[in-house]
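The block underneath contains the structure these notes are about, expressed in structure tokens.
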Amino acid sequence: MGFTRDGETRSIVRDVSFTLSAGRCVAIVGESGSGKSVTARTLAGLTGAGAIVEAEELSLGDADLTAQTARSWRGIRGKRIGFIQQDALVSLDPLRPVGREIEEALRLHGWRDRSVRRRKAIELLASVDVPQPELRARQRPGELSGGLRQRALIASAIALDPEVIIADEPTTALDVTVQAQVLSLLEDAKARGASIILISHDLSVVAQLADDILVMREGEVVEQGAAAQVLGAPRHAYTQSLVDAVPSGHTRGERLAPQERTVPNLHIARPSSGVNGEPVLEARGLVKRFVSPDGRLSTAVDDVSFTLRRGETLGIVGESGSGKSTTARIALALEHADEGEVLLLGSPWSAVSESRRRPQRRRIGVVYQDPLSSFDPRWNTERILLDAIPADAGLTRRQREQRVIDLLAQVALPASVRERFPLRLSGGQRQRIAIARALATSPEIIVLDEAVSALDVSVQAQVLDLLVDLQDEYGLSYLFISHDLGVIHHLSDRVLVMKDGVVVEHGDAEQIFRAPAHPYTQELLRALPTL
Amino acid sequence: SGSVTVPSADAERVDGGTIVYAHQQEPQCLFGGWIEQAYISYQFLDNLFSLTEDGEAVPWLAEDWTVSEDGLTYTLTLKDGVEFTDGTPVDAEAVAYNFDYWVAGGNSTAAVWLGGYYESAEAVDDLTVAIHLSRPYPRFIENLTQGYFGIQSQQALETRTDEENCEQPIGSGAFVVQEWNRGENVVLVRNDEYTSWPENAEHTGPAYVEKVDWRFVADGVTRVSALRSGEADAIYDIPAIEWDGLDGEQYELHKYVTPGRPQQISFNTTREPFDDENLRKAFIFSLDRESIVDTIGHGVIPFEGNGGVSQATPGYSQKAADWYAEDIDEANRLLDEAGWTDRDGDGYRTKEGKTLEVVFPYNAGTIINADGASIFQAVQEQAKATGFKVDLIPVPPSETWAGTYSGPDSYDISAGYWTSVNAGILYINWRPSTEDDPNYANSAFYDSPELESLILAANSESDVDAQNALYGQAQEYIAEHALSFGLYDRLSTLGVNPRLRGVWQEHAQGGPTFYDAYFVE
Amino acid sequence: MGAVVVLWGAATAAFLAQMALPGDRATAILNIRTGQAQERTPDELAPIVDAYGLDHPVLVQYLDYIGGLLRGDLGTSYQQFRPVWDLIGEQLGSTLVLTLTGILLAWVLMIVWVTLTAGRGPRVRALGSAVDTVTAALPPYWLGILLLLFFGLTLRWFPVMGGSGVNGIVLPALTLAIPLAGFMGQSVRAEYERALDQPFVLSARMRGMGDLGIRLRHVLRHGSIPAVTLTGWALGATVSGAVIVEQIYSRPGIGKTLVSAVGAQDLPVVTGIVVLVAVLYVVANLLVDLVYTLIDPRLKTS
Amino acid sequence: MTTALPRKPAHHERTSPTRRRRRVSWSLITAIVFAALFALAAIAPGVLATDDPTAQNFADALQSPSLTHWFGTDEAGRDLYSRIVHGTRESLLIGIGAAGIALTAALVLGSIAALADRVTASIVNRIIEVAFAFPSLLLALLLVSILGPSPWTQVVAVGVSTAPGYARMVRGQILSAKNAGYVEAARALGHGWWRILGRHVLPNAIRPLVAVFTMAIGQSIVWASGLSFLGLGVAPPSSEWGALLDAGRASILQAPWLTFIPGLVILVLALTATTIGTHIQNSLEKGR
Ligand SMILES: Nc1ncnc2c1ncn2[C@@H]1O[C@H](COP(=O)(O)OP(=O)(O)OP(=O)(O)O)[C@@H](O)[C@H]1O
Ligand SMILES: Nc1ncnc2c1ncn2[C@@H]1O[C@H](COP(=O)(O)OP(=O)(O)OP(=O)(O)O)[C@@H](O)[C@H]1O
Ligand SMILES: [Mg+2]
Ligand SMILES: [Mg+2]
């Protein structure tokens, strides 16, 4: 199939064939943009405007799906095919109670009686393990946690017991524990006889559920076969690289991406001291409280202390809302702590005035999860980077421009990127520019808040490799925040586990992952799917 | 749009019905000194006298009048048995009270007319009123025919609040104010007990129609459309451009040229440049007023050359009206002679570096309508040819009423009209304006005892022909000294659906009269 | 509290602005009563100055006025001799009916038009927003007269002289509604198209929902939020918008009253109307906040 | 086998970067041509219309549009086309000037309300609220009465009376720009507050106002015609479009072109401005 636009047709997905029988699960994996979602949408007849679909055969049971009209498709969607969309967190109408969304699926397929619908919706919520379903049904997505939202979406997709469930990235952006719950729900459905098409870029998720796997790359299926075979003994090099790119404890110290290591151009003096050098960032007893919407005071960060030493990586891991970002912002002195203090390179940092801090700011850089929003949309890459180069560096205009090129090279981007606007770049490229910006001030410390969470495995692999290289080269210290245990394990020297604002466990990475002391850490590790 | 259906000439009269009449402006009170107030109050207040088409005052509430030898006392005999609609009698006391009421501020325009003459009024007996004047005023009775002099119930005036008297004046007229929905209409209902029709009415007894729905429709296009759509049976003030069209469609059109001061332009004679008579003349010579008015007025608005009174006014002087015609050469000669010989880049004359500038404020949207504004622009453009730079300043209503642009320091020429039944208006407009006794109605601020005595002599002359001759002289004096010049006559126009008959314009001010009106099948 | 400040501020501003008007108030009162525009002698003016206390110091007049306001007394019209309350009360109804009908119609027009044209491919979208722009910039007089000539005179569906009758409201309300619909349409369209792009729309479709259902049940609600803001503004701007319409269709109303009161320097009426409009504005804002939370309950908390 | 599956709007599509490849936009080109014509008419009206805009020719009064008089003539036989061309400067002055004043005032007030310290901000906020609650028509009426009629008065009156609405908008924009991620990123880089304000907050807050500004141009002229309607227009013989629009009003039945054509010109200006404004805004928003 392909898309036509302005008269020219671009083929997006080619030659995809598979058969799915009842009670089985076929998974489609592949990196971002490889055509997974397009394939999934095509199966439900919603490829999009300007789409041309060619199929030798596309059928559901005995129905020929290629012969459906717009109207008859509407009878199939929701009833025979249930679809759990990518971007689950925004796939429910934020203005309507979730119960109504589930009822809507029923209403559209002939359930006329309102009270019956209502009862059924609550049953459905209960069936996907939503606690207090009557209450939840009346709440809007914004009032629900990510996991609950995901489950509500699933409830609406399986409301009419469809024969086929298509789940497009059902667990992306969910915490491990919630991810485990969602996967078990799908498992239940499968057990009840539904066929599942699971789409994910996360091989470990796929491993749990899939019977067969299709690996896609640039619209083509490069490998197809039984799950155990594809994951265990990948035949295609691409599949192999996908498997390799998954960070975990095993991959520590190894390169994730197949690319050659690029030795970045030097502009930072290599520090004399190596790993386990002197402390560069110290936090002592940080406390931060917020007024929550209902007027109560909630403690986002509760007595958090840590020390980051030169050349090491301190990982902070924890579930959503556990206070990771708040801690990072306090460390950056972008947020004022209610109690406690932060020392930067041994001198007071949080306690001094902003004007005293300002000259020091260049020594600590930051990379956010969502780099796009941290770039002024009006600026192109060059301007963003020029703006970050300290004015007192004593460089001429020409030199500054050269420096931009160097910085781009450091993060393995071509100089041609300068002219482009971040919006027009891929996620991986954007994240690299964010890192380049952090490097522009020649910092000693970089705070990375979920800096790779939005990237898919192969791009994530490149960025993680880059971070390791930079650290090796310049002895940078990272405060690395993530909810992804694999990434933390891959990168960190030491780890801080947070829950509800409190540090529940703190110590050497290897040791924590091997023998977690705290029950919460143990639970996290248990929920972690592995290949 | 085609023609309206015209009932045959002998069509039957139907009794009753409601006349929907679309008027332009809504007054703030239903009685007062503004002509719009006079128009409406004429429907429900009776005057003492009514004016005929020939300009003669005939009995209305008053049956007869006599004037004393010295011309200082008028004795009026009232009709017997007439009652106000509140049940009180229309007697001598009530009439005398009305005179005092007007002068005391109850009707400021009536007060202006009486000012300087009126002394007192007394009830001699039930039906006889004596009015004492300080000076002879031969046209006194005629003046009383204007709507400002409608007689109201004394009891109502004395016992009710200002608000009530404003909203629902009590008279003895053919109609009674039923309700006033401000911003929309005034509903007038027939006074079934009506006994006091004027002598020049076409029938006797109560009015034929039951109601008059007197609506306020500010927009001319809307009024014309309402007439065409049949929603309005009669409309006031037909835009000149629509006249021929409506005429062709068989609507009955009425046109009344208001007597009094026409729409004229007077020169501020107290400052440069128009303190110089020759410059005033030069300005008038620059203009081809007749073709301006004919073109912009579509032949409907009459040209008026006379700067004193309009052609509908008794005592009108055609000689004064014809005094000036366009004469560019003469204008240029006078200007050169006065030393305004240089021209600036835009072609305006200058003298010693000063531009020949003429400030001309006009009251946009209130006194001067769109046609008026176009005419002034044409004047501006023609005056430009001889080198006058006329600055037209549209004055917003709030400033207009506050008199901002009416003092001697604020303009060079100004425009305006003033309705009146006779040339007596000359006195109001030309009584000298002096430091001690300013007369701001004298918009030329011209101080001439000669002119004043001419007008005063005319005012006091009881012989009509002699009086007219004197008024004529006064007008010629104004023309000769180029104090003001006429442009066009103020019109009061009506458009009536042919199935409504018997509507006429009263002759004092041209307002519609519905007393005789009736519908035909 | 904020509302009180707004009311006080508006009242004070109105008072001061009136004081700043050039020309003499007493002269204006007298001139309007006679239909003349000229200067007046002190003798002529004395009774009026006396009656309304125009010779008091400005501060005293101001305090009198504010004191009256606090007692709920807006004063008496110089021209109509009536309490300003009565005068406004009488005119307000018709203006409110006009504006509310106008706003309602504007919503209907806007919703229909945006639903028909938003997110439909480049041609239709361009047409849609061009129509928005054009209607938003339509001179009200033009539009009013056109509607009047077409629907009133040619088709005779509605009366030419609307007055305050029931079917007289349609054309005036349309005259207000069409530009407002265009104005709202411009901002709603953007929001609407943004909402059409949201993933939840796709999931509704995946449930088997048709296009119209999605537009009306899901997207519209998201798209309407900017229109609610504009509606609050439109309610407050009632007076300004209504005046031309009131003139053309010869309707009573507060707009006409205000214009003539300004012309007549009828200070109590002008200030009274300003206070009233400020009240309207405050109420409109409260309503808007309420409607916001109805449409988007998330806003309740923030 | 080719089957046409139901065509539905593609949702990835509009947000995907590939979408915005340059295409010749005819509407933009048309808009630019008109803008150039308007500019020419404003700068050198004599080039487009050689006739004297105030020259009257009574014999030619009220001619409907023809080859000699493209837009017809008015009641004094003045050529409407010349009048419109020569009225461009004043009209644009009113349109752009009023929109400019409105937005400048809005920017100043709005930024203070969004950026100043608590007390100042709340005072300014109240001022904006009061001004917003004050009927804009009255504001315009009073201003024209106080300042006297002239194009500049119109500019001020229309500008000032429409400013409060925009001020609220600016405040909202600045508040949201202030909380944007790039502002924090700039802080983290150690940039000073004023630099951030000047380089990030204001430019980004103003960006969405471009379209508003261009829309305000047309609206201002329509507003000015409303003032003419109330007898508060510019002084004759100016042929400012709002005044023309109003002057033709009385003869709309007999000489419809006198009000239609000026109205049309105002609409074209509004469309031109909006088209260009939307384009500028889009290109600012999306980068190149
Ligand atoms: N409606 C459309 N029109 C044109 N191109 C499209 C459309 N939808 C998707 N594409 C393109 O098709 C390609 C495959 O997109 P798809 O969404 O299937 O990727 P994916 O494998 O799901 O990636 P991800 O992991 O990021 O979700 C992408 O290059 C995308 O830009
Ligand atoms: N500005 C704020 N105002 C009020 N509450 C806040 C604010 N910032 C954070 N919080 C609250 O503090 C808690 C911790 O938030 P934080 O962003 O630090 O979590 P996190 O661990 O980074 O989560 P995530 O993984 O979702 O990013 C949350 O409950 C959040 O709602
Ligand atoms: Mg996808
Ligand atoms: Mg976070």
Side-chain angles (χ1 to χ4, degrees), chain A residues 3 5-6 10 37-38 42 45-58 65-70 73 329 332 334 354-355 357-362 364-366 368 370-380 387-388 390 419-425 434 437-438 440-441 447, chain D residues 1-25 173 176-210 280-288:
Chain A
F3 288 102
R5 182 168 311 122
D6 308 336
R10 207 158 56 92
S37 297
V38 168
T42 305
L46 280 178
T47 324
I52 296 167
V53 178
E54 294 180 24
E56 280 165 19
E57 191 192 337
L58 181 58
L65 292 184
T66 59
Q68 303 297 325
T69 63
W73 258 121
R329 288 169 48 81
L332 285 159
L334 290 171
E354 178 66 24
S355 51
R357 258 196 308 262
R358 208 164 278 147
Q360 296 293 315
R361 281 210 177 272
R362 68 172 65 163
I364 177 166
V366 56
Y368 292 102
D370 175 15
L372 195 55
S373 71
S374 75
F375 297 139
D376 192 320
R378 299 171 305 118
W379 287 7
N380 64 14
D387 187 56
E419 302 296 311
R420 310 199 29 206
F421 285 77
L423 189 77
R424 297 273 196 279
L425 299 174
R437 176 170 63 182
T441 59
V447 176
Chain D
M1 180 189 75
T2 305
T3 64
L5 282 152
R7 294 183 159 210
K8 295 286 178 209
H11 299 285
H12 275 196
E13 179 175 58
R14 270 189 295 279
T15 46
S16 88
T18 49
R19 168 91 203 168
R20 295 181 195 101
R21 281 273 59 102
R22 268 295 169 81
R23 253 211 301 161
V24 186
S25 157
Q173 291 293 348
S176 72
K178 204 170 93 171
N179 293 326
Y182 50 82
V183 169
E184 185 170 302
R187 269 178 66 198
L189 283 172
H191 292 323
W193 180 232
W194 285 108
R195 175 176 167 143
I196 295 174
L197 192 66
R199 292 206 182 181
H200 295 288
V201 177
L202 288 183
N204 277 294
I206 293 167
R207 193 167 40 95
L209 297 176
V210 172
I280 294 176
Q281 188 178 7
N282 285 349
S283 62
L284 282 178
E285 217 152 76
K286 293 163 184 168
R288 257 154 277 153

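Proteins come first, then strands; the chains are lettered A, B, ... in the order of their sequence lines, and each starts at number 1.
- Contacts between residues 196-203 of chain D and chain A, defined by a heavy-atom separation under 4.5 Å, are made by R199(D), H200(D), P203(D).
- Every residue two or more places apart in sequence or in another chain was checked for a salt bridge (charged side-chain N to carboxylate O under 4.0 Å, His left out) with R358(A), and none qualifies.
- Here the CG-CG distance, from N204(D) to D376(A), works out to 4.0 Å after rounding to the nearest 0.5 Å.
- With sequence neighbours excluded, the residues forming a side-chain contact (heavy atoms from CB on, under 4.5 Å) with A440(A) are A388(A), I389(A), L407(A), listed by chain and number.
- Residue contact with chain D, scored on non-hydrogen atoms closer than 4.5 Å, involves the backbone of I364(A) exclusively.
- Of all the heavy atoms in R437(A) and A185(D), the pair that sits closest is NH2-CB, 3.5 Å.
- Highest contact tally toward chain D, considering only P371(A), S373(A), S355(A), is held by S373(A) [criterion: heavy-atom pairs under 4.5 Å].
- A search for side-chain contact (heavy atoms from CB on, under 4.5 Å) contacts involving E419(A) returns E382(A), not counting sequence neighbours.
- The closest side-chain heavy-atom distance from Y368(A) to E184(D) is below 4.5 Å.
- Residues P377(A) and Y182(D) come closest through the heavy atom pair CD-CE2, 3.6 Å.
- In this structure, R187(D) and L332(A) have side chains that are not in contact, with every pair of non-hydrogen atoms separated by 4.5 Å or more.
- Taking NE2 from H191(D) and CG from D387(A), the interatomic distance works out to 3.5 Å, rounded to the nearest 0.5 Å.
- Shown here for V366(A) and A188(D), the closest heavy-atom pair between the two residues is CG1-CB, 3.6 Å.
- Among T441(A), V447(A), L334(A), the residue with the largest count of heavy-atom pairs under 4.5 Å with chain D is L334(A).
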